[in-house]
Amino acid sequence: ALRVLHPFPTRRSSDLLSWLCCRTTVRMAALAGEMIGRALYHVDRRRPQVRVAIARAFPEYNEARVELTVRESYRHLGLCLMEIGRQPLITRADVADVIDNRQAARVKKALRAEGKGALIASGHMGNWEYCGAGLALAGLPEHSVAQPMNNRLVDEWLNAVREISGNHILPKKGALREGIRALRAN
């Protein structure tokens, strides 16, 4: 069943993006994501900062390799944006194709053995949004701490997309108190 945030696009461009993403094929979404990433590479004013960060992280890279990594980072970001836009469509089977469910099974086993909650730290590797969706779709009650986006509309849309799979979002401010409450409630 198609699960979208709104059955028809609203005036908010973020809802329109999700609406469009959910009505295209995976392949078309990937191609669009690559184009978005290439466009972001050319218009993002922070690109010099990204270049410096990659050069610092990989001092063994020559200038050409740093530049290639910067371009690939933007391409990957575009792909992630389209995948996030399609997230209302994902199912447990879809997540199983891209996430190692053995890890979710280990987490479930550990939670059952202890009867308590657990803290899991992750980074922005691959499509990090799929991790939260994967845990929630695997039946693990999951709360994620998220830094609010600067754009309120994008923040509301992104959190709604995250929560559609059962993920609960804790704003960074106040996350410690809410996280402890969630652990105790488990």
Side-chain angles (χ1 to χ4, degrees), residues 13-14 16-18 20-22 24-90 93-107 118-138 142-159 161-162 165 167 169-173 175 179:
S13 60
S14 54
L16 178 60
L17 174 64
S18 186
L20 290 171
C21 290
C22 289
T24 187
T25 66
V26 172
R27 177 146 173 73
M28 289 303 295
L31 290 172
E34 287 188 9
M35 288 191 297
I36 290 169
R38 287 187 190 117
L40 287 173
Y41 169 83
H42 290 290
V43 301
D44 188 11
R45 292 175 290 163
R46 295 170 296 182
R47 189 176 72 224
Q49 294 168 317
V50 173
R51 188 176 287 113
V52 167
I54 289 174
R56 283 185 185 155
F58 302 100
E60 69 278 11
Y61 284 10
N62 63 26
E63 198 171 312
R65 180 111 186 251
V66 167
E67 181 61 25
L68 176 64
T69 305
V70 170
R71 284 181 182 271
E72 284 298 306
S73 296
Y74 278 95
R75 185 187 69 77
H76 179 73
L77 178 61
L79 288 170
C80 285
L81 289 173
M82 293 303 287
E83 288 175 348
I84 292 166
R86 290 182 54 80
Q87 197 159 314
L89 297 175
I90 66 171
D94 296 327
V95 172
D97 288 342
V98 295
I99 293 179
D100 183 351
N101 275 339
R102 293 172 298 183
Q103 298 303 322
R106 287 183 187 136
V107 172
L119 295 175
I120 301 172
S122 70
H124 288 153
M125 304 289 288
N127 186 336
W128 55 92
E129 297 295 342
Y130 266 32
C131 293
L135 289 171
L137 289 169
E142 201 265 337
H143 293 72
S144 294
V145 176
Q147 172 73 34
M149 307 299 274
N150 291 334
N151 182 312
R152 183 184 56 80
L153 292 177
V154 172
D155 188 61
E156 289 173 4
W157 170 78
L158 183 55
N159 287 334
V161 168
R162 289 168 169 161
S165 62
N167 192 350
I169 303 302
L170 304 177
K172 185 176 175 181
K173 186 176 182 178

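Predicted, not measured: the structure shown is a model, and the values here were computed from it. Numbers here are sequence positions counted from 1.
Checking His143, Glu142, Arg162 one by one against Asn167, the side chain to side chain donor-acceptor pair (under 3.5 Å) holds for a single residue, Glu142.
What you find for Arg51 and Val70 is that their closest heavy atoms are CA-CG2, 3.7 Å. Nearest heavy atom pair, residue Gln87 against residue Ser165, reads NE2-OG, 4.4 Å. Of all the heavy atoms in Ile90 and Ala133, the pair that sits closest is CD1-CB, 3.7 Å. Across all their heavy atoms, Val161 and Pro88 have their closest contact at CG1-CD, 4.2 Å. Across all their heavy atoms, Ile169 and Ala146 have their closest contact at CG2-CB, 3.8 Å.
Judged by distance alone, with hydrogens and angles left aside, the side-chain atoms of Arg75 form no donor-acceptor pair with the main-chain N or O of Gly37 at under 3.5 Å. Between the side chain of Arg86 and the backbone N or O of Thr24, at least one donor-acceptor pair lies under 3.5 Å.
With rounding to the nearest 0.5 Å, the separation of CD in Gln147 from CG in Asp155 is 9.0 Å. A distance of 11.5 Å separates SG in Cys21 from CE in Met28, rounded to the nearest 0.5 Å. Atom CG of Asn62 and atom CG of Leu68 lie 10.0 Å apart (nearest 0.5 Å). Here the CD1-OH distance, from Ile54 to Tyr61, works out to 8.5 Å after rounding to the nearest 0.5 Å. Here the CG atom belonging to Leu77 is positioned 13.5 Å from the CZ atom belonging to Arg38, to the nearest 0.5 angstrom. In this structure, CZ in Arg71 is found 7.5 Å from CZ in Arg47, a value given to the nearest 0.5 Å.
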Next on the checklist: Would Tyr41 and Val50 count as a side chain to side chain contact (heavy atoms under 4.5 Å, CB included) here? Give the steps.
Outcome noted: CA-CA 10 Å; Tyr41 169 83; Val50 173; over 6 Å; no

